[in-house]
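Throughout, a chain's letter reflects where its sequence line sits, starting with A, and its residues are numbered from 1.
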Number of protein chains: 2
Amino acid sequence: MNAEPALHHLEPAIRRLNKLAPLTGEEIAALQAGTGLAHRVSAHREVMADGEPVTGPSLVLKGWACRVRIFRDGRRQILGFLLPGDLIGLCDQPEPLASTMVTAITEVTLCPAPHPVEKGSRLATAYALSRALDENYLLRHIGRLGRLSAYERLIDWVAEIHERLALAGLATPASFPMPLTQEILADTLGLTSVHVNRTLQMVRRQGLMDVRNGRVTLTDPANLRRLVESRPTRVSASLSTQDLAVSAA
Amino acid sequence: MNAEPALHHLEPAIRRLNKLAPLTGEEIAALQAGTGLAHRVSAHREVMADGEPVTGPSLVLKGWACRVRIFRDGRRQILGFLLPGDLIGLCDQPEPLASTMVTAITEVTLCPAPHPVEKGSRLATAYALSRALDENYLLRHIGRLGRLSAYERLIDWVAEIHERLALAGLATPASFPMPLTQEILADTLGLTSVHVNRTLQMVRRQGLMDVRNGRVTLTDPANLRRLVESRPTRVSASLSTQDLAVSAA
DNA sequence: CGACAAGTTGATGTTACTCAAAAGTGGTGG
DNA sequence: CCACCACTTTTGAGTAACATCAACTTGTCG
């Protein structure tokens, strides 16, 4: 338990948590022990069913998943994404039930997240910050759907995902993977896939970004930052904006 | 601290928490002690500013408040409502910062929420359930904004508020107070106030409900339940659906 | 090569927005 | 009690954004 592996060898998921709150060697070791119990869920399969009992928190190690609600008539709304380093099932009521279905978009690797030994520990802080960020992503999504145009929704969403992937070291300042079909993007942004297609062409023609082949390339990052409303998400005074800024992997 | 006041004399706010998890006499007494420190915020004033440090959790005793985001160009999106019995500022990261502005819609009475003595106590459970319900309201709002028509958004939202007020004993099976202008409703549902007005006329003409003078009257509750997607919110196996069902005050 | 999913395009329809003004409501002070 | 004000609700006419429908193209993988 004394091994302190070099940070740059860590899983992206652990890098993210470590960035939220610098972890102790023991905590990193516990997380890495957890990765031994990892299991995979292949693309398009359900990671968790709506209303099912939640056994304990899990950590996403690899791949993209999403929380989704499906309506009786088949309409679908994606509520949010789960990216490497994100936690699923963090809550503290007894006998919790999943509030949404979770679906794997790509193949996803998950592992049990260690229970923080003590309240106030670094790991507990990282979990709390992760939870606060999650709430923030939901709030931002509400603002996006309620008040932004299709064009604005798209660029705001891209900016958010960029920021989030950067936290796990999975984005460069100008590019990141984005393995979604236009239909999934449509169910995220509250649009139709046809309209998403046209909106994507528009941002491309404007020279703002290029979304293609499962990858986003930001061709004008400065302009993007200017167009997007929110400054980097801030949920605790002890977490500097610096830590959350997008920088090279 | 041994006084166990009759439940029907309790504040609506305490009734709600007690419904989420039957509280001990000590816990009820602690909550009532907190009400002695209540303070008021008059209508239209800010309860909490975005980005401000959060000192500790507060309990809404009376009145309506909302969490809101305002965009640079003045567009506004209401993210959710805070009703009697709801908690503000429940989170466990160190030095938390408010993630949204909170505004009083009517005059609001707030008091500090006692810190749960021990993990796993009834009060801690009530807080955890309240937090889980809050998340659910955000998720439901996302589904509403992303995939429902104006008509559907309105009735789904009314059904949610009805369910929530009933939890605090503030709604009858067919009616409840709703002190919002059509403009606020518009900023909630992602519409314009003109369109909200027309949609309200539509539900009225259909005989579904009447929204008028700061009060909603459900003229066809059975049909409303049929039209609305979600069953009563369920976030824990230990909290029966029965407890959350709408019944007479 | 063939099959299937994803992306693209065009024509048309509908929902909700915009602008503008009138009518209703409630509170205040003379 | 009335006049006045600010705010909210209501109505109408025209428009813009996004949805729908249907076909066609491209890419991927066996």
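Contact check on B/Asp50 versus B/Arg69 returns no salt bridge, with no Lys/Arg side-chain nitrogen under 4.0 Å from an Asp/Glu carboxylate oxygen. Ionic pairing of B/Arg144 and B/Glu229 is not present here: no N-O contact between side-chain nitrogen and carboxylate oxygen is shorter than 4.0 angstrom. Between B/Arg67 and A/Glu135, at least one side-chain N (NZ, or NE/NH1/NH2) sits under 4.0 Å from a carboxylate O, which counts as a salt bridge. Ion pairing between a basic and an acidic side chain is recognised when a charged N comes within 4.0 Å of a carboxylate O; A/Arg164 and A/Glu160 show such pairing.
In the region residues 183-192 of chain B, proximity to DNA chain C at under 4.0 angstrom, judged on heavy atoms, holds for B/Gly190, B/Leu191, B/Thr192.
In this structure, B/Arg147 is not positioned above the aromatic face of A/Phe71 in the sense of NZ or CZ being under 6.0 Å from the six-membered ring centre and within 45° of the axis.
One atom, CG of A/Leu200, and another, P of C/dT8, lie 8 Å apart when rounded to the nearest Å. Atom CZ in B/Arg75 sits about 9 Å away from atom P in C/dT18, given to the nearest Å. At whole-Å resolution of the value, CG in A/Leu145 and C1' in C/dA16 are 16 Å apart.
When heavy atoms are screened at a 4.0 angstrom cut-off, A/Ser149 is found touching the sugar-phosphate backbone but no base atom.
Using a 4.5 Å heavy-atom cutoff, the side chains of B/Leu133 and B/Asp86 are not in contact. Side-chain contact between A/Leu200 and A/Gln182 is present, with heavy atoms from C-beta onward closer than 4.5 Å. With a 4.5 Å cut-off on side-chain heavy atoms, B/Val158 and B/Phe176 count as touching. You'll find the side chain of A/Leu165 stays beyond 4.5 Å of the side chain of A/Phe81, heavy atoms only.
A residue-by-residue look at A/Gln182 and A/Arg147 shows that A/Gln182 has its nearest nucleotide of DNA chain C further toward the 5' end.
Comparing the start and finish of the helix from C/dC1-D/dG30 to C/dG30-D/dC1, five pairs each, the helix axis swings through 40°, to the nearest 10 degrees.
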Please produce a list of atom pairs where a protein N or O lies less than 3.5 Å from an N or O of nucleotides 19-28 of chain C.
none

Give every pair of a protein N or O atom and an N or O atom of nucleotides 3-5 of chain C that lie under 3.5 Å apart, one pair per line with the distance.
none

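Looking only at atom types and distance, the side chain of A/Arg45 has no donor-acceptor partner in the side chain of A/Thr103 under 3.5 Å away. No side-chain donor from either of A/Arg153 and A/Thr188 sits under 3.5 Å from a side-chain acceptor of the other. For the residue pair B/Thr35 and B/Gln32, no side-chain donor N or O sits within less than 3.5 Å of a side-chain acceptor on the partner.
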Which pairs would a plain distance check flag for residues 37-44 of chain A, meaning a side-chain donor or acceptor within less than 3.5 Å of a matching protein atom at least two apart in sequence or in another chain?
none

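Once you apply a 4.0 Å limit to the heavy atoms of chain B, the touched nucleotides of DNA chain D run 5' to 3' over D/dT8 to D/dA13.
Taking CZ of A/Arg131 as the start and CZ of B/Arg131 as the end, the distance is 3.5 Å to the nearest 0.5 Å.
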